[in-house]
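Everything on this sheet refers to the single structure shown next.
Letters A, B, ... are given to chains in the order of the sequence lines, protein chains preceding strands, and every chain is numbered from 1.
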There are 2 protein chains.
Amino acid sequence: MQRAAALLLPDNISDSVAADLRRRIVDGRLPAGERINEVHLSRELGVSRTPLREALSRLASEGALTSLPRFGFFVRPLTLDELEQIYDIRPILDPEALRLAGLPDAKTLERLEKLNRRLESARDPENVIGLDDEFHLLLLDRCPNRVLIEMIQNIILRTRRYELALMRETSGVRRATEDHRRILAALRRRDLPAACAALKRNMQWGRAPIVSWLKARVRRAHLPGEAKARARSGR
Amino acid sequence: MQRAAALLLPDNISDSVAADLRRRIVDGRLPAGERINEVHLSRELGVSRTPLREALSRLASEGALTSLPRFGFFVRPLTLDELEQIYDIRPILDPEALRLAGLPDAKTLERLEKLNRRLESARDPENVIGLDDEFHLLLLDRCPNRVLIEMIQNIILRTRRYELALMRETSGVRRATEDHRRILAALRRRDLPAACAALKRNMQWGRAPIVSWLKARVRRAHLPGEAKARARSGR
DNA sequence: CCCCATGCTACTGTATACAGTATGCAGAGA
DNA sequence: TCTCTGCATACTGTATACAGTAGCATGGGG
């Protein structure tokens with residue numbers, strides 16, 4: 001999250017464990033609501049508890065986990081509240097970042113269009129999400145405010161879990177590429193405000209399908225992963 | 001940052017050490033650029049290295065520290081770049097949060113005015129900054145998007161160091177209370193958009209004095225500690 | 001006199017051992 | 001049969017010990 005240098009030398013077990021856990025959380029190998037047993041998990045990962053705990057602490061401060069003092073760490077459950085809050089944030093951040101980034105050069109525009117074409121034909125959920133994120137990060141690549149970009153990346157991490165869960169069940173509600181085309185069209189005619197507006201709409205629309213899916217899910221299985229109750233009852 | 005429960009039971013040494021370090025960083029007892037010696041610091045705090053390291057990891061992911069893999073943790077140096085980036089973010093976040101929060105009730109408005117009066121007469125830098133933060137957080141108290149509020153609190157933590165450093169040297173450039181009055185006036189006539197606009201201006205103006213102070217400082221003594229960290233990371 | 005190599009020192013990263021606490025179960029009493 | 005109490009167990013939180021590495025100083029060679 002912080003340093004370019006460290007990312008180039010992922011020497012630490014701590015760091016690589018954190019990255020691994022992040023993957024396990026977003027792809028569901030560590031299900032939402034699950035209580036984490038440090039001994040078992042450290043055995044499974046082949047490391048000791050010390051670096052594992054450092055990783056867990058970091059993930060907790062990133063919001064991926066919840067820590068209950070003498071009880072342990074939990075994978076944060078997927079809740080409608082958090083979803084709506086997270087999805088309300090990117091329409092705020094992304095357009096501002098684009099405004100600061102300014103119009104992309106011809107080469108970048110070309111790469112964006114290429115990405116969008118690949119996105120249109122992508123089928124695998126992980127691919128779709130990965131390409132979409134790549135598109136948006138490239139769009140904001142020139143933004144000089146790296147702190148802002150870090151925040152956006154952080155939000156992306158937090159949304160990925162929801163998006164993956166959605167796309168696993170319903171097969172790929174894809175309207176994003178159309179939004180992207182509108183953004184690109186605005187950029188091509190060098191109309192930054194229009195591009196920002198289109199981007200904002202794009203970010204706002206991403207919410208709807210996930211909200212409705214999660215609502216249905218909540219109705220079906222009441223309170224997905226109410227952490228405490230489940231864990232205490234021994235699951 | 002995440003859990004209400006943990007905040008009520010700050011049982012962990014880890015947590016309290018993190019809080020302590022945060023204070024030491026913002027008030028300068030751990031100066032910007034300083035390399036942290038884990039053994040000495042753990043002795044000084046009267047704890048072992050394990051919880052200290054957990055705290056350090058968390059602070060690194062919050063952006064207060066930088067971690068260089070086999071070299072250690074550093075207090076992030078104060079740089080003009082980071083300052084400008086951080087200060088560009090709150091004018092984006094705060095007005096949106098206020099928009100979501102809506103108009104405050106009469107009681108809250110009263111408390112806001114009281115806070116602002118106390119702010120006018122405050123002299124001690126820590127007090128001034130504390131009251132200003134309290135004002136802004138109360139203003140956004142009704143905002144239902146807690147993730148957004150968390151982000152703002154995080155930004156506040158990151159700015160505090162700069163503000164304190166400024167106010168220690170120049171005695172309290174105070175124009176904020178006037179901005180606050182404009183915000184309150186707009187709220188009193190129940191004009192939310194005007195309040196948001198005033199809030200935005202308030203957030204934008206805070207930058208200027210710090211930027212000019214830091215620029216002068218950079219000219220004088222080029223960034224204590226920055227040299228070493230930079231050289232090492234090969235930037 | 002300067003440069004390079006080698007050994008020393010100190011610090012980080014990781015593992016492990018220990019202590020304290022919460023939970024679940026079993027047994028006894030009502 | 002139900003409840004309460006005490007014990008055993010398992011897991012977290014913390015300390016400590018160990019290993020590996022980077023930096024530094026000192027000494028020898030050019």
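- With dC11(C), dG23(D), dT14(D) as the choices, the nucleotide that has an atom nearest any side-chain atom of F71(B) turns out to be dG23(D).
- For L68(A) and dT23(C), the CG to P distance is 11 Å, given to the nearest whole Å.
- If you check every strand for non-hydrogen atoms under 4.0 Å, L41(B) touches nothing.
- To the nearest angstrom, P of dT9(D) lies 17 Å from CG of N37(A).
- Looking at E34(B), its side chain never comes within 3.5 Å of a backbone N or O of V75(B) through a donor-acceptor pair.
- Counting only heavy atoms from C-beta outward, the side chains of L100(A) and P144(A) approach each other to under 4.5 Å.
- Rounded to whole angstrom, the span from the NE2 atom of H40(B) across to the C1' atom of dA10(C) amounts to 9 Å.
- Residue R70(A) contributes atom CZ, which lies 15 Å from atom C1' of dA10(D) at whole-angstrom precision.
- One can place CZ of F73(B) at 9 Å from C1' of dT12(C), the figure rounded to the nearest angstrom.
- Note on L56(A): nothing from the nucleic acid sits closer than 4.0 angstrom, heavy atoms only.
- Going from atom CG of N12(A) over to atom P of dT21(D) covers 13 Å, rounded to whole Å.
- Minimum atom distance to the side chain of E38(B) is reached by dT12(C), of the listed dT12(D), dA15(C), dT12(C).
- An OP1 or OP2 oxygen of dT14(D) is reached within less than 4.0 angstrom by no side-chain nitrogen or oxygen of T50(B).
- Here dT12(C) presents its P atom at 6 Å from CZ of R35(B), a figure rounded to the nearest Å.
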Verdict with supporting geometry, F74(B) and S67(B), side-chain contact (heavy atoms from CB on, under 4.5 Å): CA-CA 6 Å; F74(B) 292 84; S67(B) 155; over 6 Å; no

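- Between R49(B) atom CZ and dA17(C) atom P the separation is 18 Å, expressed in whole Å.
- For S48(B), counting side-chain heavy atoms from C-beta on, the closest listed nucleotide (dT12(D), dT16(D), dA15(C)) is dT16(D).
- A side-chain N or O of Y162(A) and one of E82(A) form a donor-acceptor pair less than 3.5 Å apart.
- Between S48(B) and S42(B), the side chains place no donor N or O within less than 3.5 Å of an acceptor N or O (distance only, hydrogens not considered).
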